[in-house]
Trainee: 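Encoded as C-alpha cells, here's the structure I'll be asking about.
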Amino acid sequence: LLTAVSATLPYAGGDPTITTAEEGWEHAKKVIARIQQPFFPDVDHNIKDFGAIGDGVSDCTDAFKTAIDHAHKTGGGRVVVPPGGVYLSGPIVLKSNVELHLKSSSTIRFKQEPLAYLPLVRTRWEGVELMNYSPLIYAYEEENIAITGEGTLDGNANEEVWWPWKYGPQYEGRDRLFQMAKDNVPVEERIFGEGYYLRPNFIEPYRSKNILIQDIKIINSPMWVIHPTFCSNVIVRGVTVDSHGPNNDGCDPDSCKDVLIENSSFDTGDDCVAVKSGRGDDGRRVNIPSVNIIMRNCTMKDGHGGLVAGSEIAAGVRNLFAEDCLWNIPNLRYGLRIKSNPLFGGVAENIFIRNIHMKQVSRAAIRLNFKYEQVEVGPHMPRANNIFADNITSERSQHALQLEALSDAWSNNITIRQSNFSDVEKPNIISYIDGLTLVDVCFEYLPYRPSIRDVAIMLFIGASFALYLVEKFAHRTILVETRLGVVNITKPISSMMALSKGLNPLRSRAVHAKY
C-alpha cells in the first residue's frame with residue numbers, strides 16, 4: 001500500500017503531475033526516450049595538423065582553437081587528440097557540431113596560470129552569474145557538441161595551484177559577488193577574474209543543447225568538474241571522475257532539463273552528483289529549475305553526497321531519479337542528500353530512487369537538511385515534497401534517516417518501501433515531516449559498545465548498572481514529529497523480554513506505518 005499527495009507546482013515543459021512512484025518511473029522512461037545523442041559528420045581533424053605538439057610543454061591553445069574553428073566552419077566533425085601525447089592548453093571553447101575526441105593514452109593538460117583563462121566569460125559560480133575566468137572547457141549558446149574518447153583531461157590543479165584559493169583568498173571576492181547579486185547588479189557589471197580568486201569550473205556548456213560527454217577520465221579540477229548550465233538534452237555516459245580538491249563536485253546539472261547520467265564513476269572531494277538551480281536572489285532572478293535529471297548505473301566511491309539536490313536550488317528541482325547505483329566507501333558522508341536553508345530557498349520535489357546499494361556511509365543514508373550552513377532564519381523557506389525510495393540497502397551508517405525540515409515549512413510525503421538499513425549506530429532523526437510512509441522497512445542497530453569510562457563505572461557499581469545500560473541502549477525508538485505530535489513508528493521492545501523469547505532487541509521493522 002502506497003499513499004501520496006500530488007505535487008503542487010507546475011512542471012516545466014509540459015511534464016505531467018506525478019502522484020506515485022510508479023507514475024514517476026513511467027515518466028522517467030519517456031524522458032530517457034527523448035534524450036538523443038548528437039551526431040557529427042564523419043570527418044576527423046587531427047590537432048597535429050594544426051600545429052599541436054604533444055610533449056607536455058608546448059602551448060597548444062591556438063592549435064585547439066584553430067582546429068575547432070575550422071571544423072565548425074566546414075560543417076562539423078571530430079577534432080582528434082592522437083594517442084600517446086600530453087597536450088598543454090589554455091581554455092578550449094567548443095563550437096556547434098564539433099566533437100572533441102581524445103584517443104586512448106592521450107592527455108590534455110591545462111595551464112596553471114590564471115591569466116591564461118582571460119578574457120572573462122559569462123559563467124555561474126556557486127549559483128550566481130558573473131563575468132569570471134573561463135572554464136577549462138567552455139561552450140556558450142552552442143548545440144550538438146561532445147567530448148569523447150578514452151583519453152584524460154587533467155585540470156592540473158593541486159595543493160599549490162587553484163585549490164589554495166578556497167582557504168582564504170576567495171572570501172572577499174565571494175562576498176562581493178553575493179552582495180552584487182543581492183543588489184541586482186547587472187551580470188555584465190559583475191566583473192571578477194584577476195584579484196578575486198574565484199576558481200573556474202572544468203567543463204561548462206552554457207545555454208547550450210544536445211551535449212554528449214562520454215568515456216573520458218577527468219582529474220585534478222580547480223572546482224566543479226562537469227557543470228552544464230541552462231542546458232537541455234545532456235548525456236554524461238561512461239565518465240570517470242577522480243578529483244579530490246575542495247568543491248570538486250563530480251557532475252552538477254544547474255538549471256538544466258532532460259539530463260541522463262549513466263555508467264559513470266565518481267571519486268570526488270565534494271558531492272558526487274549535485275543538482276542545482278541557482279543560489280538565493282540570483283537563482284530566483286533567473287528562475288529556471290532543474291527538471292528531469294536521471295542517474296543510473298553509477299558508482300560513487302568518495303564524496304560528501306552520492307546524489308544531492310542543493311544547496312543552490314532557489315528555482316527548484318523537480319523529477320530527479322536514481323536507480324541501480326552503488327554508493328560505496330566509508331568516506332561518502334550521505335547517500336541521498338537534500339540541502340538548502342531559508343536564505344537560499346527552493347523546492348525539491350518528485351525525487352525517486354530505487355535499487356541503491358550503499359556499502360557504507362559515514363553519516364546518514366538519507367539526509368534532509370534545511371538548516372544548511374547553520375542558517376535557520378530567512379524569508380525563503382525551502383521544502384522537499386514527494387520523495388519515493390524503493391529497495392534501498394545500506395550496510396552501515398551513523399543514521400539511517402536524518403530528515404530535518406523546518407517548523408515554518410514542513411516537508412511532505414516521504415515514502416520508503418522494501419528497504420533495509422543495517423549496522424546503524426544511532427536512532428533516526430525526523431522532524432517537521434507531514435506524511436511519512438514506511439512499507440516493509442527494517443532498521444538493524446549496532447549493539448551498544450561501552451566506553452572505557454562506562455566499563456569502569458560498571459565494575460564500580462556492579463551488575464545492576466550493566467543491566468540498566470542494556471535496557472537503555474537496546475530501546476531504539478523511532479520518533480516522528482507530525483502535526484499531531486510526536487509518535488512512535490515502532491515501539492521499543494523490552495530487551496530482557498526479547499532475549500527470553502530469542503528475539504533481537506536491536507531490530508526494528510515497520511511492516512506498514514504511515515504518519
Trainee: Pairing donors with acceptors under 3.5 angstrom, does anything connect the side chains of Asp258 and Asn233?
Mentor: no

Trainee: Honestly, is Arg354 close enough over Trp25, meaning NZ or CZ under 6.0 Å from the six-membered ring centre and within 45° of the axis?
Mentor: yes

Trainee: Where is the tightest heavy-atom contact between Arg237 and Ser264, given as atom of each residue plus distance?
Mentor: C-OG, 3.8 Å

Trainee: Do any N or O atoms from the side chain of Asp271 and from the backbone of Gly305 form a donor-acceptor pair under 3.5 angstrom?
Mentor: yes

Trainee: Just say parallel, tilted or perpendicular for the rings of Phe230 and Tyr206, cut-offs at 30° and 60°.
Mentor: perpendicular

Trainee: Indicate yes or no for a side-chain donor-acceptor contact from Ser96 to the backbone of Glu143 under 3.5 Å, with no hydrogens or angles considered.
Mentor: yes

Trainee: Strictly below 4.0 Å, N to O, side chains only: are Lys95 and Glu142 in salt-bridge contact?
Mentor: no

Trainee: Check whether Phe192 forms a cation-pi arrangement with Arg176 (NZ or CZ under 6.0 Å from the six-membered ring centre, at most 45° off the ring normal).
Mentor: yes

Trainee: Considering only NZ, NE, NH1 and NH2 on the basic side and carboxylate oxygens on the acidic side, decide whether Glu22 and Arg417 come within less than 4.0 Å.
Mentor: yes

Trainee: Check the side chains of Asp175 and Gln179 for a donor-acceptor pair under 3.5 angstrom, ignoring hydrogens and angles.
Mentor: no

Trainee: Could you tell me whether Glu172 atom CD has more than 12 heavy atoms of other residues or ligands within 6.0 Å of it?
Mentor: no

Trainee: Any donor-acceptor pair under 3.5 Å linking the side chain of Asp302 with the backbone of Asp267?
Mentor: no

Trainee: Is Arg383 salt-bridged to Glu349, cutoff N-O under 4.0 Å?
Mentor: no

Trainee: Considering only NZ, NE, NH1 and NH2 on the basic side and carboxylate oxygens on the acidic side, decide whether Arg190 and Glu129 come within less than 4.0 Å.
Mentor: no

Trainee: Any luck finding a side-chain donor-acceptor pair between Asn247 and Arg199 under 3.5 Å?
Mentor: yes

Trainee: Look at the aromatic rings of Tyr133 and Trp165 and report parallel, tilted or perpendicular, splitting at 30° and 60°.
Mentor: tilted

Trainee: For this output row, return yes or no: ring centroids of Phe370 and Trp410 closer than 6.0 angstrom.
Mentor: no

Trainee: Where the side chain of Asn341 meets the backbone of Leu343, is there a donor-acceptor pair that is under 3.5 Å apart?
Mentor: yes

Trainee: Check the pair Phe202, Phe110 against ring-ring contact (aromatic ring centres under 6.0 Å, His included), reporting the backbone distance first and the verdict last.
Mentor: CA-CA 10 Å; Phe202 203 137; Phe110 287 86; 5.5 Å; yes

Trainee: Could you check Leu336, Ile433, Asn413, Leu436 and say which one makes a side chain to side chain contact (heavy atoms under 4.5 Å, CB included) with Ile387?
Mentor: Leu336

